[in-house]
Amino acid sequence: MKNLVKMKNIKHKVNRYAIFMIASIMMLFSSCDTTELDLTVSPNTLTPESGDPDFILNQIQIDLNRMFGGVRDEVMPITRLINMFDAYPANIDVTTFDTFAAPNDQNVWFRSYRINGNRKVLADLAASNPDLIKHKAVAGLIASYTFVTLTDILGDIPFSEANNPNEFPSPSPDGGAEIYESIFTLIDESLSELSGSTANTITQDLYYNGDLSKWIKFGNTLKLKMYNQLSNIDATRAAAGINDVIANGSLLETVADDFQFQFLTSSAPGESRHDFFTDPYLGGGASVTLYMSNSFMRDLKETNDPRLRYYFYRQSLTDPTGDDLPCNISQDECYIGDFYWGRVHAFSQGVPADNLARTIYGVYPGGGKFDNNPFTVNPGDPTSFPGVQNPGLGGAGINPILLSSYAKFIQAEAAISLGTTGNPRTLLEEGTRNHIMKVMNFGAADAGDLAPDQTDVDSYVASVLADYDAATDDNGRLAVVLNQYYIANYGNGIEAYNFYRKTGLPELQDPISPSAFPRSLLVPSNEITANPNVTGNQLTDQVFWDNNPATGFID
């Protein structure tokens, strides 16, 4: 991201009714993160007309990244993309998306509704100033992604009445299907505005550097994703919608189109490095419960996946012995050989002093180190810690929010299950190659002679296509497509959580019992307390497009 402004922390007290009870323009200035902000006038005296549209849109974009990071951190462990420490209920409770947590963290609920509030501010400003139509449109697409995500993970939430405290001081939840319909309308409106004749552009664009054509591709791909989510409950509409998007709208097609947030390498005046870097690479090494997933690492290792050394960094090239690990090594509970130290799903036994030996995040997507030279750490020497001695990309990673490879896999899935436009085998190959290329380019400067060559990539892709060709029915072919989508979802997890609940695929290893797989995450308890119309939900509640069996379907 070429024009990313450096961030600093500006602390404001957040009223416990902040989401719904304060005006949108007030929410704009809570937990703002930019050195360009000059608080020479009290935010309490500001009106929508006095807000800087560039600043408002900048805040929306930052909030999107942090909202995404907050959801990512919860769904990657439950989908085995990284290790989940302990059972599901121990990882997801009513404080997971706490509305009133510190404003500088990845607060999902607060930031989501601030996005919506500020989206409405820009819409009000654009009503009297045509030069702000593009600001409004981009904000509309960001709010669309935000509330599709919330609906997919939480179910029924306030939307139509939200961020309108004068008329709806306690907004009621909308049904998930209703929210989807509202979002389809909002996306179409935003796409029309982006395609319109108004010549203005946006200068504070943290995702596409002002290239509005790529925002259009993002909006169309978001519609593609939404229609595909509806396939279980309305296959006819889903197929028609997907075919219409493919025929009439440009989609994310190449790596250059990918919708992602780019982190930097600086830590001052505010932390701008990826948290996949700041956790395991700085002094002290990995945090207590940060372990890689043994089943995921094993799958990549056994299939010679070219992304293996980019995804994972082995801090030690020594086999564990004795009391190094509190597990049965022969059962792969903490170790799968070849110096890959991780944990099986839900394994929560004692944590030894392995924070500088266990396998950690690699160069993709968090901007760490390519797996070619293990760190040598002297705990008494702060200059010897990984982030100082071998920083790799120094934290300049990405949050892969919606990628062109995802668009290929979605089209392949729909072509198999709905008969939509496109050859699923071709789309599978294109999506796989697209993502491998993205990952390999990410660590190209660090890989050296260990980088997979074209023969390695071709061999891997050929094995994927052979598995596809060997499948005897659509379910088998779909399993191959979704396994590749699953592997490409490392660093995201949101899409894997969605298609796992929708299809039951791919079959994930290490099931745990009797803890039921969470079919939704939980609305924050503080929001339930503050808003009498929000009653909350249970982990076993299924979102509106999940019509699969309540038990025995997924682990």
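Because only heavy atoms are used, hydrogens play no part in the values below, and waters and symmetry mates are left out as well, while side chains stay in.
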[X] and [Y]: which non-hydrogen atoms are nearest, and at how many Å?
X      : Y      : value
Leu206 : Ile62  : CD1-CG1, 3.8 Å
Val523 : Gly536 : CB-CA, 4.5 Å
Ser190 : Gly140 : OG-CA, 3.6 Å
Gln538 : Leu522 : C-CD2, 3.6 Å
Ala139 : Ile60  : CB-CD1, 3.8 Å
Gly491 : Phe276 : CA-CE2, 4.2 Å

Closer than 3.5 angstrom, by distance alone: can the side chain of [X] be matched with the main-chain N or O of [Y] as a donor-acceptor pair?
X      : Y      : result
Glu161 : Ser172 : yes
Thr503 : Tyr500 : no
Asn533 : Ser170 : yes
Asn118 : Val121 : no

Approximate separation, where rounding is to 0.5 Å, of [X] [atom1] and [Y] [atom2]:
X      : Y      : atom1 : atom2 : answer
Lys217 : Asp257 : NZ    : CG    : 3.5 Å
Asn304 : Glu302 : CG    : CD    : 9.5 Å
Phe218 : Leu402 : CZ    : CG    : 6.0 Å
Thr254 : Lys408 : OG1   : NZ    : 9.5 Å
Leu212 : Leu194 : CG    : CG    : 5.5 Å
Leu300 : Ser295 : CG    : OG    : 10.5 Å

May I ask you to decide whether [X] forms a salt bridge with [Y], counting only side-chain N to carboxylate O separations under 4.0 Å?
X      : Y      : value
Lys502 : Glu413 : yes
Lys223 : Asp188 : yes
Lys225 : Glu495 : yes
Asp541 : Arg519 : no
Arg66  : Asp63  : no

Legend entry - ring pair (Phe, Tyr, Trp, His ring centres under 6.0 Å) partners of Tyr406, counting only residues at least two apart: Tyr485
Legend entry - With Tyr227 via ring pair (Phe, Tyr, Trp, His ring centres under 6.0 Å) - residues at least two apart: Phe184
Inset, instruction - Would you indicate whether Glu507, at its atom CD, is surrounded by more than 12 heavy atoms from other residues, nucleotides or ligands within a distance under 6.0 Å? - result: no
Inset, instruction - Output, in order, the C-alpha distance, side-chain angles, deciding distance and verdict of salt bridge (charged side-chain N to carboxylate O under 4.0 Å, His left out) for Asp299 and Arg80. - result: CA-CA 11 Å; Asp299 284 348; Arg80 284 80 147 174; over 6 Å; no
Legend entry - side-chain contact (heavy atoms from CB on, under 4.5 Å) partner of Phe409, the single match among Leu427, Thr432, Leu482, Leu403: Thr432
Identify, with sequence neighbours excluded, every residue that meets side chain to side chain donor-acceptor pair (under 3.5 Å) alongside [X].
X      : answer
Asp211 : Ser213
Lys214 : none
Tyr180 : Asp152

Inset, instruction - Report yes or no: is the cationic atom of Arg501 (NZ for Lys, CZ for Arg) under 6.0 Å from the centre of the six-membered ring of Tyr497, at an angle within 45° of the ring normal? - result: yes
Inset, instruction - Give the intermediate values and the outcome of side-chain contact (heavy atoms from CB on, under 4.5 Å) for residues Phe68 and Asn492. - result: CA-CA 8 Å; Phe68 171 86; Asn492 179 302; 3.6 Å; yes
Legend entry - salt bridge (Lys or Arg N to Asp or Glu O under 4.0 Å) against Lys136, all qualifying residues, sequence neighbours excluded: Glu189, Glu193
Inset, instruction - Would you sort out whether Gln59 and Ile115 count as a side-chain contact (heavy atoms from CB on, under 4.5 Å), showing the intermediate values? - result: CA-CA 8 Å; Gln59 183 65 66; Ile115 286 170; over 6 Å; no
Inset, instruction - Assess the pair His345 and Phe85: is the distance between their ring centroids shorter than 6.0 Å? - result: no
Inset, instruction - Give a yes or no on whether the ring-centroid distance for Phe110 and Phe97 is below 6.0 angstrom. - result: no
Inset, instruction - Return the orientation label for the Trp215 and Tyr207 ring planes: parallel under 30°, perpendicular over 60°, tilted otherwise. - result: perpendicular
Legend entry - Whether Phe147 and Phe159 hold their rings parallel, tilted or perpendicular, with breakpoints at 30° and 60°: tilted
Inset, instruction - Take Thr95 and Asp93, measure what side-chain hydrogen bond (donor to acceptor under 3.5 Å, both in side chains) needs, and give me the verdict at the end. - result: CA-CA 5 Å; Thr95 67; Asp93 61 25; 2.6 Å; yes
Legend entry - side-chain hydrogen bond (donor to acceptor under 3.5 Å, both in side chains) between Gln61 and Asn58, worked out: CA-CA 5 Å; Gln61 294 175 85; Asn58 189 69; 4.8 Å; no
Inset, instruction - Please lay out, stage by stage, how Ser404 and Asp258 fare under the test side-chain hydrogen bond (donor to acceptor under 3.5 Å, both in side chains). - result: CA-CA 6 Å; Ser404 51; Asp258 287 351; 2.7 Å; yes
Inset, instruction - Run the numbers on Lys438 and Tyr364 for side-chain contact (heavy atoms from CB on, under 4.5 Å), then give the verdict. - result: CA-CA 9 Å; Lys438 179 182 184 68; Tyr364 181 89; 3.8 Å; yes
Legend entry - ring-ring contact (aromatic ring centres under 6.0 Å, His included) assessment of Tyr490 paired with Phe312: CA-CA 11 Å; Tyr490 186 63; Phe312 308 113; 5.5 Å; yes
Legend entry - Evaluation steps, side-chain hydrogen bond (donor to acceptor under 3.5 Å, both in side chains), between Asn83 and Ser293: CA-CA 4 Å; Asn83 173 257; Ser293 165; over 6 Å; no
Legend entry - Verdict with reasoning, Phe544 to Ile233, per side-chain contact (heavy atoms from CB on, under 4.5 Å): CA-CA 9 Å; Phe544 80 101; Ile233 60 173; 3.7 Å; yes
Legend entry - Check against ring-ring contact (aromatic ring centres under 6.0 Å, His included), Tyr486 and Phe296: CA-CA 10 Å; Tyr486 175 72; Phe296 189 50; 5.6 Å; yes
